[in-house]
Amino acid sequence: MENEARRPYRMGARAAAVEATRTRVLEAATALWTRRWYDDVTLQHIADEAGVSVQTIVNHFGGKDGLADAVADQVASQAEISRQAPVGDVAAIVAALFADYEHHGDAGVLWIAQMDRVPAAARAAAHARAQHRAWLERVFADRLPAPGPAREHTLNLHYAATDVYLWKLWRRDLGLSREDAERAMCDLLTSIDPRKRHDA
């Protein structure tokens, strides 16, 4: 009876250990790929950073590509959470977007730059584009026209006004403070509100 009672505990402890190892590997890979090119990071680098063996990474993720996909999925999940904002509240929407970009924007730009030669980066970029568009449709639902060409045009404008490269231009290239960059994006989003054209 005692062995039967202990078995679920042992299984639970084993599952927790497996999950902890997986998390360490994901964090190590994310940290390395945030700073370095995909090709410059080997599984050995990641294993050393995570304190595990290369075989452990292979067992969990199947290899480098599988690990890269898992990292991209995790970043996408985190973005889904961090970008929560009230519909139509431009200041809150921009603040939520900047919270994500300030944390993941540099890595996103680095990965986008590799998408033509790294399949994992191309998959991550495609998923990020679809996720960003769906987010725009949610948070700007109050101002988007009905389905059709006008809606597509408005979405394209809002995509450009909130793209990570615009964040990079303001924050990294021009050296704007976060406050000034957020204000600039708010002004831009306000200026392209299609309802303003209808009111004119």
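Values reported hereafter were calculated over all heavy atoms of this structure, with side chains retained and with hydrogens, waters and symmetry mates removed. Start at 1 with the first residue, then count along the sequence.
- The shortest distance between side-chain heavy atoms of Lys196 and Asp193 falls below 4.5 Å.
- Of the possible donor and acceptor atoms, none in the side chain of Tyr101 sits under 3.5 Å from a partner among the backbone N and O of Trp167.
- Ala161 is linked by a side-chain contact (heavy atoms from CB on, under 4.5 Å) to Leu188, Leu189, Ile192, counting only residues two or more places apart in sequence or in another chain.
- Taking CZ of Arg35 as the start and OG1 of Thr30 as the end, the distance is 11.0 Å to the nearest 0.5 Å.
- No donor-acceptor distance shorter than 3.5 angstrom exists from the side chain of Thr56 to the backbone of Val52, with no hydrogens or angles considered.
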Working for side-chain contact (heavy atoms from CB on, under 4.5 Å), residues Val54 and Leu43:
CA-CA 6 Å; Val54 169; Leu43 286 183; 4.1 Å; yes
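- Within the 3.5 Å criterion, the main-chain N or O of Pro145 finds a donor-acceptor partner in the side chain of Arg151.
- What you find for Ala141 and Val87 is that their closest heavy atoms are N-CG1, 4.1 Å.
- Other residues, nucleotides and ligands contribute at most 12 non-hydrogen atoms within 6.0 Å of the NE2 atom of His103.
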side-chain contact (heavy atoms from CB on, under 4.5 Å) for Arg172 and Val109? Distances and angles first, verdict last.
CA-CA 11 Å; Arg172 300 296 185 247; Val109 170; over 6 Å; no
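- Taking hydrophobic clusters as Ile, Leu, Val, Met, Phe, Trp and Tyr residues chained together by side-chain heavy-atom distances below 4.5 Å, Leu136 shares a cluster with Leu144.
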If you apply the rule side-chain contact (heavy atoms from CB on, under 4.5 Å), what do you find for Leu110 with Thr34, and how did you get there?
CA-CA 7 Å; Leu110 184 63; Thr34 296; over 6 Å; no
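- Legend: residues meeting side-chain contact (heavy atoms from CB on, under 4.5 Å) with Ala92, ordered by chain and number and at least two apart, are Pro86, Asp89.
- A donor-acceptor distance shorter than 3.5 angstrom exists from the side chain of Lys64 to the backbone of Val41, with no hydrogens or angles considered.
- Remark: Asp100 pairs with Ala79, Ser82, Arg83, His104 by the side-chain contact (heavy atoms from CB on, under 4.5 Å) rule, at least two apart or across chains.
- A heavy-atom distance below 4.5 Å is found between the side chains of Glu137 and Leu155.
- Side-chain contact between Asp142 and Arg195 is present, with heavy atoms from C-beta onward closer than 4.5 Å.
- For Arg22, there are no salt bridge (Lys or Arg N to Asp or Glu O under 4.0 Å) partners, not counting sequence neighbours.
- Minimum interatomic distance between Ile46 and Leu67 (heavy atoms only, all atoms of both residues): CD1-CD2, 3.7 Å.
- Remark: Asn59 engages Gln55 in a side-chain contact (heavy atoms from CB on, under 4.5 Å) (not counting sequence neighbours).
- In this structure, Leu32 is a member of the same hydrophobic cluster as Val58, with clusters built from ILVMFWY side-chain heavy atoms closer than 4.5 Å.
- Listed by chain and number, the residues in a salt bridge (Lys or Arg N to Asp or Glu O under 4.0 Å) with Lys168 are Asp173 (sequence neighbours excluded).
- Residues satisfying the salt bridge (Lys or Arg N to Asp or Glu O under 4.0 Å) test with Arg183, not counting sequence neighbours, are Asp180.
- What you find for Ala95 and Arg178 is that their closest heavy atoms are O-NH2, 3.8 Å.
- A donor-acceptor pair under 3.5 Å links the side-chain atoms of Arg24 to the main chain of Ala50, judged by distance alone.
- Atom NE2 in His60 sits 9.5 Å away from atom CG in Leu26 (nearest 0.5 Å).
- Qualifying salt bridge (Lys or Arg N to Asp or Glu O under 4.0 Å) partners for Glu80, counting only residues two or more places apart in sequence or in other chains: Arg138.
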Pair Met185, Leu97 - check side-chain contact (heavy atoms from CB on, under 4.5 Å), show working.
CA-CA 10 Å; Met185 186 174 285; Leu97 182 63; 3.8 Å; yes
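- Contacts classified as ring-ring contact (aromatic ring centres under 6.0 Å, His included) and involving residues 13-34 (residues at least two apart or in different chains) are given here: Trp33-Tyr38, Trp33-Trp111.
- For residues 128-151, the ring-ring contact (aromatic ring centres under 6.0 Å, His included) pairs, not counting sequence neighbours, are His132-Trp135, His132-Tyr159, Phe140-His158.
- Residues Ile112 and Val164 are in side-chain contact: their nearest non-hydrogen atoms beyond the backbone lie under 4.5 Å apart.
- Residues Val18 and Val25 do not share a hydrophobic cluster, clusters being chains of Ile/Leu/Val/Met/Phe/Trp/Tyr side chains in contact below 4.5 Å.
- Cluster annotation: Tyr165 and Leu157 are assigned to the same hydrophobic cluster (Ile/Leu/Val/Met/Phe/Trp/Tyr, side-chain heavy-atom contacts under 4.5 Å, transitive).
- Phe98 CZ to Cys186 SG: the interatomic distance, rounded to the nearest 0.5 Å, is 8.5 Å.
- Within the 4.5 Å cutoff, the side chain of Arg143 has heavy atoms near those of the Val90 side chain.
- Gln114 is linked by a side-chain hydrogen bond (donor to acceptor under 3.5 Å, both in side chains) to nothing, counting only residues two or more places apart in sequence or in another chain.
- For residues 39-50, the pairs satisfying side-chain hydrogen bond (donor to acceptor under 3.5 Å, both in side chains) are Asp39-Arg117, Thr42-His45, Gln44-Asp48, with sequence neighbours left out.
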